[in-house]
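Below is one structure; the comments refer to it alone.
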Amino acid sequence: MLIWIAIVLGMQFIGELAATLLGLPVPGPVIGMVLLLLLLLHIGHLPTALEQLATGLLRHLYLYYLPATVGVTAHLALVGTELLPIVTAIIVSSTLALGVTGLVIQSLTRQKDQPDV
(Lines give C-alpha, C1' and ligand atoms only; values in the text may rest on other atoms or scores of the structure.)
Protein backbone atom coordinates (compact mmCIF):
# COMPACT_ATOMS: atom_id res chain seq x y z
CA MET A 1 0.00 0.00 0.00
CA LEU A 2 2.93 2.33 0.69
CA ILE A 3 3.95 2.12 -2.95
CA TRP A 4 0.47 3.22 -4.05
CA ILE A 5 0.51 6.16 -1.63
CA ALA A 6 3.78 7.23 -3.25
CA ILE A 7 2.32 6.74 -6.74
CA VAL A 8 -0.84 8.75 -5.95
CA LEU A 9 1.20 11.59 -4.41
CA GLY A 10 3.67 11.39 -7.30
CA MET A 11 0.86 11.74 -9.84
CA GLN A 12 -0.46 14.75 -7.96
CA PHE A 13 3.02 16.28 -7.92
CA ILE A 14 3.45 15.69 -11.65
CA GLY A 15 0.04 17.24 -12.24
CA GLU A 16 0.93 20.30 -10.16
CA LEU A 17 4.24 20.60 -11.99
CA ALA A 18 2.57 20.32 -15.40
CA ALA A 19 -0.12 22.86 -14.50
CA THR A 20 2.48 25.34 -13.22
CA LEU A 21 5.11 24.93 -15.95
CA LEU A 22 2.66 24.79 -18.85
CA GLY A 23 0.32 27.44 -17.43
CA LEU A 24 -2.67 25.14 -17.79
CA PRO A 25 -6.05 26.37 -16.51
CA VAL A 26 -6.68 22.95 -14.94
CA PRO A 27 -5.79 22.26 -11.28
CA GLY A 28 -2.77 20.04 -10.75
CA PRO A 29 -4.64 17.38 -8.75
CA VAL A 30 -7.09 16.95 -11.65
CA ILE A 31 -4.21 16.40 -14.06
CA GLY A 32 -2.71 13.95 -11.57
CA MET A 33 -6.00 12.05 -11.35
CA VAL A 34 -6.15 11.77 -15.14
CA LEU A 35 -2.57 10.47 -15.14
CA LEU A 36 -3.50 7.92 -12.46
CA LEU A 37 -6.52 6.87 -14.55
CA LEU A 38 -4.28 6.39 -17.58
CA LEU A 39 -1.90 4.29 -15.48
CA LEU A 40 -4.78 2.12 -14.24
CA LEU A 41 -6.11 1.71 -17.79
CA HIS A 42 -2.62 0.62 -18.84
CA ILE A 43 -2.46 -1.90 -15.97
CA GLY A 44 -5.92 -3.17 -16.84
CA HIS A 45 -7.23 -3.73 -13.30
CA LEU A 46 -7.53 -2.07 -9.91
CA PRO A 47 -4.77 -3.34 -7.60
CA THR A 48 -6.03 -4.51 -4.20
CA ALA A 49 -3.63 -2.24 -2.31
CA LEU A 50 -4.90 0.82 -4.21
CA GLU A 51 -8.50 -0.19 -3.54
CA GLN A 52 -7.73 -0.47 0.18
CA LEU A 53 -6.00 2.93 0.12
CA ALA A 54 -8.95 4.57 -1.65
CA THR A 55 -11.45 2.96 0.72
CA GLY A 56 -9.49 4.22 3.72
CA LEU A 57 -9.31 7.75 2.33
CA LEU A 58 -13.00 7.81 1.44
CA ARG A 59 -13.96 6.49 4.87
CA HIS A 60 -12.56 9.72 6.35
CA LEU A 61 -13.59 12.08 3.55
CA TYR A 62 -15.42 14.40 5.94
CA LEU A 63 -12.07 15.38 7.49
CA TYR A 64 -10.99 16.97 4.20
CA TYR A 65 -13.68 19.64 4.62
CA LEU A 66 -12.27 20.90 7.92
CA PRO A 67 -9.58 23.17 6.40
CA ALA A 68 -12.16 24.80 4.11
CA THR A 69 -14.49 25.36 7.05
CA VAL A 70 -11.70 26.91 9.09
CA GLY A 71 -10.80 29.12 6.13
CA VAL A 72 -14.37 30.36 5.82
CA THR A 73 -14.61 31.16 9.52
CA ALA A 74 -11.24 32.93 9.41
CA HIS A 75 -12.56 35.22 6.65
CA LEU A 76 -16.10 35.61 7.92
CA ALA A 77 -16.06 39.40 7.45
CA LEU A 78 -15.13 38.98 3.78
CA VAL A 79 -17.86 36.38 3.33
CA GLY A 80 -20.34 38.84 4.82
CA THR A 81 -19.41 41.59 2.36
CA GLU A 82 -19.45 39.23 -0.62
CA LEU A 83 -22.54 37.24 0.40
CA LEU A 84 -24.64 38.00 -2.70
CA PRO A 85 -22.04 36.83 -5.25
CA ILE A 86 -21.30 33.74 -3.15
CA VAL A 87 -24.97 32.76 -2.84
CA THR A 88 -25.53 33.48 -6.55
CA ALA A 89 -22.56 31.30 -7.52
CA ILE A 90 -23.79 28.47 -5.29
CA ILE A 91 -27.33 28.60 -6.71
CA VAL A 92 -26.23 28.86 -10.35
CA SER A 93 -23.59 26.13 -10.11
CA SER A 94 -25.92 23.79 -8.20
CA THR A 95 -28.71 24.34 -10.74
CA LEU A 96 -26.33 23.68 -13.64
CA ALA A 97 -24.92 20.57 -11.96
CA LEU A 98 -28.41 19.18 -11.30
CA GLY A 99 -29.52 19.97 -14.85
CA VAL A 100 -26.50 18.35 -16.48
CA THR A 101 -26.79 15.32 -14.20
CA GLY A 102 -30.47 14.95 -15.12
CA LEU A 103 -29.72 15.17 -18.84
CA VAL A 104 -26.93 12.61 -18.58
CA ILE A 105 -29.15 10.20 -16.64
CA GLN A 106 -31.95 10.61 -19.19
CA SER A 107 -29.55 9.97 -22.05
CA LEU A 108 -28.07 6.89 -20.39
CA THR A 109 -31.52 5.55 -19.53
CA ARG A 110 -32.67 5.96 -23.16
CA GLN A 111 -29.55 4.17 -24.40
CA LYS A 112 -30.09 1.34 -21.95
CA ASP A 113 -33.75 0.92 -22.93
CA GLN A 114 -33.00 0.72 -26.65
CA PRO A 115 -32.83 -2.85 -27.94
CA ASP A 116 -29.52 -4.06 -29.36
CA VAL A 117 -29.46 -4.26 -33.13
Side-chain angles (χ1 to χ4, degrees):
M1 188 182 306
L2 207 50
I3 291 172
W4 281 105
I5 291 172
I7 290 172
V8 168
L9 291 175
M11 293 295 178
Q12 182 177 355
F13 174 74
I14 292 169
E16 289 284 353
L17 196 63
T20 302
L21 292 178
L22 301 175
L24 299 174
V26 180
V30 173
I31 297 170
M33 248 194 301
V34 170
L35 292 173
L36 182 61
L37 173 65
L38 293 174
L39 175 66
L40 291 174
L41 289 173
H42 176 72
I43 292 173
H45 70 281
L46 179 64
T48 306
L50 180 59
E51 183 179 0
Q52 291 171 348
L53 172 65
T55 302
L57 290 172
L58 288 172
R59 191 175 304 126
H60 303 291
L61 185 64
Y62 63 92
L63 292 175
Y64 302 126
Y65 291 105
L66 287 176
T69 306
V70 170
V72 168
T73 57
H75 298 287
L76 210 47
L78 179 62
V79 171
T81 60
E82 299 294 331
L83 191 60
L84 182 61
I86 291 171
V87 170
T88 303
I90 289 171
I91 291 172
V92 169
S93 64
S94 296
T95 303
L96 285 173
L98 284 170
V100 169
T101 302
L103 291 173
V104 169
I105 289 173
Q106 282 181 343
S107 174
L108 292 174
T109 304
R110 279 192 212 117
Q111 288 177 4
K112 183 181 172 192
D113 291 341
Q114 290 179 352
D116 292 334
V117 177

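Nearest approach of Thr109 to Ile105, heavy atoms of both residues: OG1-O, 2.7 Å. A pairwise comparison of heavy atoms in Leu39 and Trp4 identifies CD2-CZ3, 4.1 Å as the closest pair. Between Val26 and Ala19, the shortest heavy-atom distance links the atoms O-CB, 3.5 Å.
Summarising the hydrophobic clusters (Ile, Leu, Val, Met, Phe, Trp, Tyr; side-chain heavy atoms under 4.5 Å, direct or chained), the residues clustered with Leu76 are none. Listed by chain and number, the hydrophobic cluster partners of Leu17 are Phe13, Leu21, where partners are ILVMFWY side chains within reach of under 4.5 Å, directly or through others.
The cluster map of Ile, Leu, Val, Met, Phe, Trp and Tyr, joined by side-chain heavy atoms under 4.5 Å apart, puts Leu46 and Ile43 in the same cluster. Both Leu36 and Leu2 are assigned to one and the same hydrophobic cluster, defined by single-linkage of ILVMFWY side chains at heavy-atom distances under 4.5 Å. Grouping the Ile, Leu, Val, Met, Phe, Trp and Tyr side chains by contacts below 4.5 angstrom, directly or via other members, places Leu9 with Leu61. Linking Ile, Leu, Val, Met, Phe, Trp and Tyr residues whenever their side-chain heavy atoms come within less than 4.5 Å leaves Val79 and Val70 in two separate clusters.
A distance of 7.5 Å separates CD1 of Ile5 from CG of Leu57, quoted to the nearest 0.5 Å. In this structure, CG in Leu40 is found 11.0 Å from CG in Leu35, a value given to the nearest 0.5 Å. Atom CG in Leu53 sits 12.5 Å away from atom OG1 in Thr48 (nearest 0.5 Å). From Thr55, atom OG1 reaches atom CD of Gln52 across 7.5 Å, with rounding to the nearest 0.5 Å. Between atom CG of residue Leu24 and atom CD1 of residue Ile31 there is a gap of 4.5 Å, rounded to the nearest 0.5 Å. Of the inter-residue distances, the one linking Leu37 atom CG with Met11 atom CE reads 10.5 Å to the nearest 0.5 angstrom.
The environment of Tyr64 atom OH is dense: over 12 non-hydrogen atoms of other residues, nucleotides or ligands sit within 6.0 angstrom. The neighbour count for His45 NE2, taken as heavy atoms of other residues, nucleotides or ligands under 6.0 Å away, is above 12. By the neighbour-count criterion of 12 heavy atoms within 6.0 Å, atom CD1 of Ile3 is sparsely surrounded, having that number or fewer from other residues, nucleotides or ligands. Under a cut-off of 6.0 angstrom, the local environment of CG in Leu22 is crowded, with over 12 non-hydrogen atoms contributed by other residues, nucleotides or ligands.
By the 4.5 Å heavy-atom criterion applied to side chains, Ile7 and Leu50 are not counted as neighbours. Using a 4.5 Å heavy-atom threshold, the side chains of Leu66 and Leu63 count as touching.
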